[in-house]
There are 2 protein chains.
Amino acid sequence: MAQRQPGVPTRADDLTAKARIRNAALDLFAAHGVDATSLRAVAAAAGVTVGLIVHHYGTKEALREAVEFAIVEQFAETIASVPLGSYPPDQIAAERDRAVAAMLSANQATVDYLRRAILDGSAQRGDLVSRLSRLSAQQVHDLREAGVASTKHTVGEQVVTIMVRQLGRLFLQPLVDRIADEFADDTGASGRPHLVVDVSH
Amino acid sequence: MAQRQPGVPTRADDLTAKARIRNAALDLFAAHGVDATSLRAVAAAAGVTVGLIVHHYGTKEALREAVEFAIVEQFAETIASVPLGSYPPDQIAAERDRAVAAMLSANQATVDYLRRAILDGSAQRGDLVSRLSRLSAQQVHDLREAGVASTKHTVGEQVVTIMVRQLGRLFLQPLVDRIADEFADDTGASGRPHLVVDVSH
DNA sequence: CGCCATACTATACAACTGTACAGACGTTGG
DNA sequence: CCAACGTCTGTACAGTTGTATAGTATGGCG
């Protein structure tokens, strides 16, 4: 085998090997779960050897953390793509929601990974869910500073509402789809049912 | 070690070894996932050796199927515990819903296992979700025969509604709890947020 | 009693896991 | 030019996995 990127990482075929490994890991972790995904499977999908994964990330756990870090980055960048001044104050929140929804629907692997992460719920500080929650909290805080967001509820309540409405529908959709498929011939052409997920305080 | 149940399985300490294995498997599968649970862990939890699991169930896959079969049975029995004649026709459906909800809240492991099963979504016929869907469909069918259930929607739509409303809240609750915990000191004593899950056709 | 079916243990094994490590290659800085 | 460095491969290893199997004990039944 020829080595692809010797010396300083050039971007010959689109992506660094390190990035390709991380992307392949996200896809496989999302599809089959972290435990059920071997480093060898990741290596094969990324077109590298197991040794290189260890070289770049050290351990499987560290690779998982890198994947989660990338997901948080993805959220942060998406939110930052709709800065405070870009829309009338009363539309910022809605516009950010739309941006996040668009990002998620374009990255099924991210959604699938998140679903598993929340499910397994390690519940430890520094967790993926914790970090996303803090990101949401920061967003709520910013909007309040700008005098936009309501202060009728606590920040915690607003974060729960944002995250559950954003993610809840995505998590439950597979269940709806499964059952809809089950009765596909029966449902008539009435189309997919529409999910409603919300929280009340 | 002394063997516990020689010959015909007596019910010396509460349960057959075979049943203890199945229960232990349900608990561990629910808590950590099937893949992450070794037969040795199941054996230890059930107080038997690995060999006995193989003896009774053959393969890990067969053990998983036995666990799922037991779950379906649990649903079926719960529904059957509220027979058609036991309540006024217009209350049967609601009463059965209540019975299922009570059964689920008393069996956290079942809920957790179901959450994982739906998540992984093997999407194959004979699947756990498929079997539960068919159970729901049967229920809807029965209620229609008795002239109780509405025929305004298709059976498929009604099954989706039943399953999503039953299970959706249970699946999303961990997410809500996680975030609520994250902001526990912030939320004030406003109590846990209440989840709303529904489908519209 | 003798015999067999069953419940059960113990050990063994091949496959696969994550991790470690030695080295090959090409680039870069002095 | 050459030593140092980062990227990358290949192999090796100890631990764990699911499964197979040989063997032991025990109760029921002729």
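Remember, it's a predicted structure, so these values are computed and weren't measured experimentally. Residue numbers begin at 1 in each chain, while the letters A, B, ... track the order of the sequences.
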Using the test side-chain contact (heavy atoms from CB on, under 4.5 Å), find all partners of B:Asp27 that sit at least two apart in sequence or belong to another chain. B:Ala109
Is the closest side-chain donor-acceptor distance between B:Arg144 and B:Gln139 under 3.5 Å? no
Whether A:Thr37 side chain and A:Leu28 backbone form a donor-acceptor pair below 3.5 Å: yes
Canonical and wobble pairing (Watson-Crick, G-U, under 3.5 Å) of DNA chain C, dot-bracket with |: ||||||||||||||||||||||||||||||
Euclidean distance, atom CD1 of residue B:Ile21 to atom C1' of C:dT6 [Å, nearest integer]: 14 Å
To the nearest angstrom, the CG-P distance between A:Leu63 and C:dT19 comes to 10 Å
Going 5' to 3' through nucleotides 16-22 of chain D and flagging B where a protein heavy-atom sits under 4.0 Å of the base, S where only the sugar-phosphate is that close, and - otherwise, we get -BBB---
For the residue pair B:Ile21 and B:His56, establish whether any side-chain heavy-atom pair is separated by less than 4.5 Å. yes
Side-chain H-bond candidate by donor/acceptor type, B:Glu182 with A:Ser133, under 3.5 Å: no
Given D:dG6, is OP1 or OP2 found less than 4.0 Å from the side-chain N or O atoms of A:His56? no
Given atom CG of B:Leu52 and atom P of C:dT9, what is their separation to the nearest angstrom? 6 Å
Nearest heavy-atom approach of A:Ser136 to A:Met163 is OG-SD, 3.7 Å
Mark yes when over 12 heavy atoms from residues, nucleotides or ligands other than A:His32 sit less than 6.0 Å from its NE2; otherwise mark no. no
Could you check how far NE2 of A:His55 sits from C1' of C:dA22, rounded to whole Å? 14 Å
Worked check of side chain to side chain contact (heavy atoms under 4.5 Å, CB included) between B:Phe171 and B:Leu114: CA-CA 9 Å; B:Phe171 289 175; B:Leu114 268 174; 4.2 Å; yes
